[in-house]
Amino acid sequence: MSKNLVIVESPAKAKTIEGFLGSDFLVKSSYGHVMDLSKTQIGVDVENGFEPQYEISPDKKKLIAELKKAAKEAEMVWLASDEDREGEAISWHLFKALGLKENKARRIVFHEITKPAILKAIENPRDIDVNLVSAQQARRVLDRLVGYELSPLLWKKVKPALSAGRVQSVAVRLIVDREEEIRQFQSTSSYKVTASFNALVNDTAHTILAELPERFSTHDVALDFVKSCLGANYTVAGVEKKPGRKSPAPPFTTSTLQQEASRKLGFSVANTMRVAQNLYESGKITYMRTDSVNLSDTALNMAKKEIAERFGKEYVKTRRYTTRTKGAQEAHEAIRPTYLNHPTVSGTAEEQRLYELIWKRTIASQMADAELERTIVDILISTNDKHFVAEGEIILFDGFLKVYLESTDDDNHDAAEGILPPLTNGQTLNLNELLASERFTRHPARYTEASLVKKMEELGIGRPSTYAPTISTIQKREYVVKKDLPGEKRSYQVIRLANNQIKQKKETETVGQEKAKLFPTDIGSLVNKFLEQHFENIINYNFTANVEKEFDDIAEGRTVWNQMISDFYKTFHRQITETTDNAGKFSGEKKLGLDPVSGKNVFVKVGRFGPVVQIGDTESDEKPRFAGLRKNQSMETITLEEALKLFDFPRILGEYEEKEVSVAIGRFGPYVKHNNAFYSLQKTDDPAVIGIERAIELIEAKREKATQSVIREFKQEPELKVLNGRYGPYISFKKKNFKIPKGTDAATLSLKDCMKIIEDPENTPKKRFVKRKS
DNA sequence: CAGTGAGCGAGCTTCCGCTTGACTT
């Protein structure tokens, strides 16, 4: 029995701390929040001061019972959750849920997981900060009211099972707005002039690349300029040298780690977090959900030592970074390796790569600036008054660049500048080639998962622990899809001057390719439009920043939390009732034209199951016909012709084994139907042209696969089979599936063994969704 | 997980922010 019980949020942290403290201390984890509002009800008493109705989270009941027991046996309980709004609330909830007494509980906080820091914290306990808890309560209640009043309104007015919230709806808006900007964007072209020269410097031939600082707006002006260069001489008219410096980027936060892992390693946001969690749990990195760029003193000293040993003393520069991010709470350190003297670790390939990135970034952040020298060379053209400019950059001292260079999202920059040979004033250069190429302005970039996180962080929307889940939610709701675009060919004009001759030609380039970018869907755009019309104040980009200020006031004790919520709710709830009463169905209905066969109107709109084409008016006596849009189609762009084509299904292809074979398009894409069985089409198959031969191929292929997946069959019991599925072997019996206990060899199971497994209630299929009591 | 879409009506869906395993057919 321990005299002291310490409760932290994360089990990995608990394990580390237990090592620091003696046997008088038992360290446990709360696994995050332990109490929350009821999931199935609004959970807030709006009539009575917005009193929250908390309950112990269902998955925490067992844990709370355990903690309660441990608390009873201990002389003192130390509540050591994180030092931020949510952490304070966790301590308060623990206090309540464990039924602690004032004289038997202390609140402590520490910023560094080291023995001295923890001992110091224990010597300096404090009370739970009630104001900070109130601020969290306000945050929680506001999010609940917004989410649980807006979502049902969407079910009624737009489509069932949709959702809206303070964070997710703004994330969707960013993507919808960006797509609209791209649609509105008008590309213009201009002519950019570049030249390459040959020069002999110290008996060595060098190539020098230069550019005209200005651009020409039309082909004619560009051509006139190139013509005016015929027979020209080019001389160096000035060499200017400027010193420059580059500083390293700060250590990683959750958001910057997600961005760099996306750009440098191609990881999705969720993957980055999964891999980082593994590194954290095996003690290799510090906590991965943080908004702080701060490094502990221990880390700073380790970095200093490591850099001096590895690269030399001149590479050391100790830096303390401060966070400027809106709403940062800084309960943790920046993300860094636990031991900075380990540049690599063992683990999976992904773990090694992510770790290396974190190591480099941390080390670089404590290294000296890179010192550069920029050279700008001015080149005169003898036949006109324009100048070429050549720029070069050399590194005098590499500093942190030895280890790490941050990448950018900006793909508009041109080829890297190289080293220029030492040119002298008055030196003549020989023109090798002069090019005037047509260049086009580019639309703003679509968001990647990571660049969306960056933008959300700038707006103060979401927290390190929610970036990845939010991005997955908006995709799961089908507001947004992540996809690639193949790009299109575009031709552009090039005017070339070489050997004193001008030649013009047309070249082609591929533009507009996209890889893993976020696009709004029809539903996403429609829901966004609905919210813009009725709840602009909620999805306004500044809404979160404004309420955060009010939460701060509550935390400081200047505002009473439920007064703030009451003020907010008055307006918000009026908007809800007004929209409920006055707004009609919001389907985005749009008329495409007339059906040439029936002469009826053809519409597109969002129906109960997603975007549909409708032939015939809803109000008419005859029932309208419907067909769902294909996955790659959009209400925005679909034509009448494409819409009518969707009604060509189901199409009868012929007969096979004396049963009809047809092709149709269902909820999950195009499929072949035969004898009441379904066979999905491949991506390369077009349901509009597919024939009976191909359909039979698909049927046979699926049958073949099915026989391969059978591990065991029994003559005595044809309804029982041992099959190989997605998650390994399982038993199928009378259309129900049963898992096979670990350590059992599926291939040697007898019928008796199988029946035993089936009868064991341990192995019965679990219900996917737990039905709630009414 | 598969041919939905009217209208009727029951029963369902939903938020954000803390934390990890559990374990799917």
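Here is how names work: the chains are called A, B, and so on, in the same order as the sequence lines, proteins then strands, and each is numbered from 1. Since this is a predicted model, take the numbers as computed values, not measurements.
Base pairing in DNA chain B yields no stem of at least 3 consecutive Watson-Crick or G-U pairs with both distances under 3.5 Å.
Salt bridge A/R173/A/E536: present, at least one basic N to carboxylate O contact under 4.0 Å. A salt bridge between A/D595 and A/K600 is absent, with no side-chain N of the basic residue lying under 4.0 Å from a carboxylate O of the acidic one. For the pair A/K60 and A/D36, the salt-bridge criterion is not met [side-chain N within less than 4.0 Å of a carboxylate O]. By the 4.0 Å N-to-carboxylate-O rule, A/R85 lies too far from A/D129 to be salt-bridged with it. With respect to A/R139 and A/E548, no salt bridge is recorded, no charged nitrogen being found less than 4.0 Å from a carboxylate O. Salt bridge annotation for A/E88-A/R107: present, with a cationic side-chain nitrogen under 4.0 angstrom from a carboxylate oxygen. Between A/E660 and A/K673 no salt bridge is recorded (no basic side-chain N to carboxylate O distance below 4.0 Å).
Within 4.0 Å of A/L145, counting heavy atoms only, lies no atom of the nucleic acid at all. Using a 4.0 Å heavy-atom criterion, one finds that A/S680 contacts the bases of the nucleic acid, with or without backbone contacts as well. At the heavy-atom level, A/R274 lies nowhere under 4.0 Å from the strands shown. At a threshold of 4.0 angstrom between heavy atoms, the contacts of A/F678 are confined to the sugar-phosphate backbone, with no base atom among them. Base contact: A/G610 has a heavy atom under 4.0 Å from a base atom.
By the 5.5 angstrom centroid cut-off and the 30-degree plane limit, A/W155 is classified as stacked against the base of B/dT13. Lacking a ring centre under 5.5 Å from that of the base six-membered ring together with a plane angle below 30°, A/F626 does not count as stacked on B/dT4.
Comparing A/E281 and A/P152 by the nucleotide of DNA chain B that holds the closest heavy atom to each, the one mapping nearer the 5' end is A/P152.
In this structure a side-chain-to-backbone donor-acceptor pair under 3.5 Å is present from A/S620 to A/D617. Remark: side-chain polar atoms of A/W92 are not paired, donor with acceptor, to backbone N or O of A/I128 under 3.5 angstrom.
The aromatic ring centroids of A/Y671 and A/Y679 lie 6.0 Å or more from each other.
At whole-Å resolution of the value, CZ in A/R630 and P in B/dT4 are 15 Å apart. Nucleotide B/dC12 holds its C1' atom 13 Å from the NZ atom of A/K159, rounded to whole Å.
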For nucleotides 16-19 of chain B, tabulate all protein N/O to nucleotide N/O atom pairs closer than 3.5 Å, reporting atom names and distance.
from: B/dC16; atom 1: OP1; to: A/V167; atom 2: N; distance (Å): 3.0
from: B/dC16; atom 1: OP1; to: A/Q168; atom 2: N; distance (Å): 2.9
from: B/dC16; atom 1: OP2; to: A/Q168; atom 2: NE2; distance (Å): 3.3
from: B/dC16; atom 1: O4'; to: A/D143; atom 2: OD2; distance (Å): 3.2
from: B/dC16; atom 1: O3'; to: A/R166; atom 2: NH2; distance (Å): 3.0
from: B/dC16; atom 1: O2; to: A/R139; atom 2: NH1; distance (Å): 2.8
from: B/dG17; atom 1: OP1; to: A/R166; atom 2: NH2; distance (Å): 2.9
from: B/dG17; atom 1: OP2; to: A/T466; atom 2: OG1; distance (Å): 3.0
from: B/dG17; atom 1: O4'; to: A/R139; atom 2: NH2; distance (Å): 3.3
from: B/dC18; atom 1: OP1; to: A/R463; atom 2: NE; distance (Å): 3.3
from: B/dC18; atom 1: OP2; to: A/S465; atom 2: OG; distance (Å): 2.7
from: B/dC18; atom 1: O3'; to: A/E9; atom 2: OE1; distance (Å): 3.3
from: B/dC18; atom 1: O2; to: A/H33; atom 2: N; distance (Å): 2.5
from: B/dT19; atom 1: OP1; to: A/Y287; atom 2: OH; distance (Å): 2.5
from: B/dT19; atom 1: OP2; to: A/Y287; atom 2: OH; distance (Å): 2.7
from: B/dT19; atom 1: OP2; to: A/R289; atom 2: NE; distance (Å): 2.9
from: B/dT19; atom 1: O5'; to: A/Y287; atom 2: OH; distance (Å): 3.2
from: B/dT19; atom 1: O4'; to: A/G32; atom 2: N; distance (Å): 3.4

Quick test: give all pairs of protein nitrogen or oxygen and nucleotides 8-11 of chain B nitrogen or oxygen below 3.5 Å, distance rounded to 0.1 Å.
none

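With a 4.5 Å cut-off on side-chain heavy atoms, A/N676 and A/K659 do not count as touching.
At a cut-off of 3.5 angstrom, counting only N and O atoms as typed in the model, there is no donor on one side facing an acceptor on the other between the side-chain of A/K623 and the base of B/dG5.
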